[in-house]
Structures are given as C-alpha cells and as structure tokens.
Amino acid sequence: MGLGIAICALIGGSLTYLGIPLALMFGPILAIIIFHRFGIQFAIPKYTLTFVQLSLGTSVGLMFNQVSLQAENLFLLLVMLVICLAVQFSFSYFWFHRKVGWTKQEAMLGSVPGAMAAILALMDHTNTPPQKIVISHTIRLIILILLAGIVVGSSGDPQPMIELPSLTLEATAWLSIIVLVGLVLGLILQKLHVPAPFMLTSLASASLIQGWVNVPINFPIMITELSMVLIGMNIGNHFVVFPMTSLIKNIYSSAQVVIINIFLTLLITLFAAWITGYPMQVLLLAWAPGSMEAMTFAAITMNLDAGFVMSNHIIRMVIIQTIPSVVMFWQERREKRSH
C-alpha cells in the first residue's frame with residue numbers, strides 16, 4: 001500500500017514539475033489505469049475519505065478567515081452566486097436523470113458543481129454506485145482546468161513544495177486541536193448518519209477556532225498534497241471498473257453537461273456584471289462550477305481580484321458540502337418514519 005502511494009505521488013509530482021495542472025490528482029488516476037492494464041492493483045488506506053475530509057475541511061476553514069469579502073453590492077452578488085449554483089445543479093440533474101437515464105440519487109450526486117471529496121464521502125455513505133458520478137466530476141474538473149489554462153496562457157499549478165510545515169509551536173498545538181475537534185464532532189455526526197460529516201465539522205472547527213484565537217495557522221501543504229494523491233487513487237479505482245465503450249459514453253455525456261453549464265454560467269455572469277458593475281471576467285472565474293485552485297490561479301495570472309474569486313469559491317464549497325449532507329440526512333429520517 002505504501003509503495004503504491006509513493007509511486008502515484010512520484011508520478012503526480014513529476015507531472016506537476018512539467019507544468020500539468022492538478023497533476024498530483026490526475027497523475028495517480030493515470031497511474032491506477034495504466035498499472036491496472038498490466039494486472040497490478042494499488043490498495044488505498046481504509047480511512048482515506050476520513051483523512052481527506054479532515055484535511056480539506058480544515059484547510060478551507062482556515063482560508064475562510066484569510067480572505068476579504070469587502071465589495072460593493074456584496075449581498076446581491078451572494079444571491080446571484082446561489083442562483084448560479086441552483087441553475088448549474090438543476091440543469092445537470094435534469095440532463096443526467098431525464099436524458100441519460102441515471103437514477104435520482106446518481107443524478108443528484110453527479111450534478112453537485114464541484115467538491116469531489118465531499119461527493120466521494122456521500123457516495124460511500126449512501127452506497128451509491130460511484131463510477132458514473134466520479135467520471136462526471138472528473139471530466140468537469142479537467143475541462144475547467146484546461147479552459148483556465150487557455151484563458152491565462154499557462155497550464156501549470158505552482159510546483160509542489162517538499163518541505164516541513166512552517167508552524168510555530170503554538171500554531172501547531174491549535175492546528176492539532178482543530179483537527180481533533182473536527183474528528184470527535186465528525187464521529188458524533190457519523191453516529192447520527194450525517195453524510196460526509198468530517199468535512200463539515202473540520203471546516204466549522206477551523207473557521208471558528210482560527211477566528212477566536214487570532215493565531216496565524218497555515219495548513220501543511222504536504223498533507224494537502226497527500227490528500228490530492230489519495231483522491232486521485234480513489235478516482236482511478238472507479239475508472240477501471242468500466243469497459244471502454246461505457247467509459248467513452250459516460251465521458252461524452254458528462255462533457256456535454258459541463259460545456260452547457262459553462263455557457264449558462266456565462267449568461268448569468270453577464271447579467272450580474274450588468275446590474276452590479278462588477279467585472280464579468282472576475283465573476284466568471286468566481287462562479288465557475290469547480291476547481292478553486294485553477295480559477296484562483298487564473299485570477300492571479302490575469303491580475304484580477306483573486307481574493308474575491310477565492311472567497312466566492314470557498315462560500316460555494318461551504319454551500320455544496322453542507323446542503324447535500326443535510327438534504328440526504330432528512331431524506332433518510334423521512335424514509336425511516338414512513339417505514
């Protein structure tokens with residue numbers, strides 16, 4: 001298992017140094033698929049999704065206190081963000097359920113715009129067949145990253161940094177408390193059958209504790225990178241289940257949804273820019289359905305308001321990581337009462 005993780009991390013790191021965006025996730029996907037063709041399978045740790053939820057939830061929660069939300073027409077922009085999310089989700093759900101023939105649960109999980117780790121955790125909780133959903137989210141991510149690279153004339157994330165965390169002793173202690181609180185509360189919510197609980201609890205824990213103690217806490221980049229490698233391995237294991245014909249069919253359907261969603265997002269951002277006076281390019285990057293890293297990188301490269309772009313993506317991630325969990329929790333409660 002350790003050797004498999006090391007091989008996937010090495011491939012992802014090598015591709016990142018070549019300038020391929022999010023290669024720490026895409027590299028392991030390719031590695032799993034290629035090695036599977038030679039009859040070699042890589043196992044991943046049992047609690048991978050719990051680890052990924054804790055690390056990503058904590059890192060997003062810490063970032064939430066580091067961005068500025070000072071902008072004119074802020075409330076109107078937030079309302080438009082929610083409308084944009086609703087349009088993206090509604091169209092995707094209709095397409096997958098009515099046109100492609102997915103079940104309601106598959107269509108709902110496949111339509112959530114972004115938050116791959118949260119969706120993987122929800123699928124694990126509901127025992128929904130994950131292959132179609134994973135392909136849908138992966139294709140969305142690939143297309144958005146490629147578009148961001150084309151827009152900014154570059155196709156690379158910052159190179160991976162192999163270094164020890166630059167945390168003070170006090171910051172390390174508070175970070176440990178944040179993770180521990182997120183883990184304990186997540187275990188409690190898990191007992192209550194709340195889907196993807198560790199993402200929610202670690203995000204809330206990081207945001208509240210960071211704001212309360214007022215100590216600069218940076219989440220170790222190596223842990224984030226390890227999370228990306230493990231997500232990539234998890235996704236790759238879902239890709240190898242499909243025969244090639246089914247894989248191509250699902251990729252084609254997912255690509256159609258993403259392209260039409262991008263067009264709908266463009267129309268909404270044009271309208272929002274007209275009524276608020278905010279630059280359309282910034283709104284488009286801020287409301288694109290996925291990949292906070294790629295869109296923020298694009299904003300920095302284009303000398304746009306990267307803080308606004310990141311803050312919108314963080315708010316978007318909080319919404320789409322919270323609402324599906326709450327909805328599925330109440331659905332399960334309603335089903336139990338009906339029985």
Would you be so kind as to tabulate the donor-acceptor pairs closer than 3.5 Å made by side chains of residues 172-183, with sequence neighbours excluded?
from   : atom 1 : to     : atom 2 : distance (Å)
Thr172 : OG1    : Thr168 : O      : 2.8
Ser176 : OG     : Thr172 : O      : 2.9

Task: Between CZ on residue Arg316 and CG on residue Leu85, distance to nearest 0.5 Å - done: 7.0 Å

- [ ] Run the numbers on Ile209 and Ile217 for side-chain contact (heavy atoms from CB on, under 4.5 Å), then give the verdict.
- [x] CA-CA 10 Å; Ile209 293 177; Ile217 305 173; 5.6 Å; no

Task: Remaining members of the apolar cluster that contains Leu284, side-chain heavy atoms under 4.5 Å - done: Leu266, Leu270, Met280

Task: Min side-chain heavy-atom separation Ser254-Arg140 under 4.5 Å - done: no

Open item on the list: Assigning hydrophobic clusters by single linkage (Ile, Leu, Val, Met, Phe, Trp, Tyr; side-chain heavy-atom cutoff under 4.5 Å), is Val79 placed with Leu264?
Closed with: yes

TODO: Would you mind reporting whether Lys99 and Phe94 have side-chain heavy atoms less than 4.5 Å apart?
DONE: no

TODO: Please tell me if the side chains of Ile40 and Phe42 come closer than 4.5 Å, counting only heavy atoms from C-beta onward.
DONE: yes

TODO: Report yes if some heavy atom in the side chain of Phe198 is under 4.5 Å from a heavy atom in the side chain of Gln190; otherwise report no.
DONE: yes

Open item on the list: Could you see if Ile34 belongs to whatever hydrophobic cluster contains Ile32? Use Ile, Leu, Val, Met, Phe, Trp, Tyr and a side-chain cutoff under 4.5 Å.
Closed with: no

- [ ] Give a yes or no on whether Phe263 and Trp95 share a hydrophobic cluster (residues Ile, Leu, Val, Met, Phe, Trp, Tyr; joining criterion: side-chain heavy atoms under 4.5 Å apart).
- [x] no

TODO: Flag the pair Leu24 / Leu15 as yes when at least one side-chain heavy-atom distance between them is below 4.5 Å, and no otherwise.
DONE: no

TODO: Scan side-chain atoms only and decide if Ser227 and Ser55 contain a donor-acceptor pair under the 3.5 Å cut-off.
DONE: yes

Open item on the list: Rounded to the nearest 0.5 Å, what separates atom NZ in Lys46 from atom CE in Met1?
Closed with: 11.0 Å

- [ ] Of all the heavy-atom pairs spanning Ala107 and Phe96, show the shortest one and how long it is.
- [x] CB-CB, 4.0 Å

Open item on the list: Return the CG to CG distance between Leu3 and Leu10, rounded to the nearest 0.5 Å.
Closed with: 10.5 Å

TODO: Answer yes if Leu77 and Trp274 sit in the same cluster of Ile, Leu, Val, Met, Phe, Trp and Tyr residues linked by side chain heavy atoms under 4.5 Å apart, and no otherwise.
DONE: yes

Task: From Gln53 atom CD to Leu49 atom CG, the distance as rounded to the nearest 0.5 Å - done: 6.5 Å

TODO: Identify the residue among Thr265, Asn312, Thr269 that makes a side-chain hydrogen bond (donor to acceptor under 3.5 Å, both in side chains) with Trp287.
DONE: Asn312

- [ ] Report the distance from atom CD of Gln41 to atom CZ of Phe35, rounding to the nearest 0.5 Å.
- [x] 12.5 Å

Task: Any side-chain heavy-atom pair of Tyr278 and Val282 under 4.5 Å - done: yes

Task: Value rounded to 0.5 Å, distance of CH2 in Trp212 from CG in Leu208 - done: 11.0 Å

TODO: May I ask whether Tyr47 and Ile188 are part of the same hydrophobic cluster, defined by side-chain heavy atoms of I, L, V, M, F, W, Y residues being less than 4.5 angstrom apart, directly or through others?
DONE: no

TODO: Identify the heavy atoms of Gly12 and Pro28 that sit nearest to each other, and give their distance.
DONE: CA-CD, 4.3 Å

- [ ] Taking all heavy atoms of Ala171 and all of Pro216, pick out the closest pair and write down the distance.
- [x] CB-O, 3.7 Å

Open item on the list: Using 30° and 60° as the class boundaries, would you call the ring planes of Tyr93 and Phe89 parallel, tilted or perpendicular?
Closed with: parallel

Open item on the list: Can you confirm whether Asn218 sits close enough to Leu62 that some side-chain heavy atom of one is under 4.5 Å from a side-chain heavy atom of the other?
Closed with: no

Task: Donor-acceptor pair between Asn261 and Ser92 side chains, under 3.5 angstrom - done: yes

Task: Exercise: identify the closest heavy-atom pair between Leu283 and Ala272 - done: CD1-CB, 3.9 Å

Open item on the list: Quick check: do Phe51 and Leu226 have side-chain heavy atoms less than 4.5 Å from each other?
Closed with: yes

Task: Candidate list Ile44, Val229, Leu230, test side-chain contact (heavy atoms from CB on, under 4.5 Å), partner Cys8, passing option - done: Val229

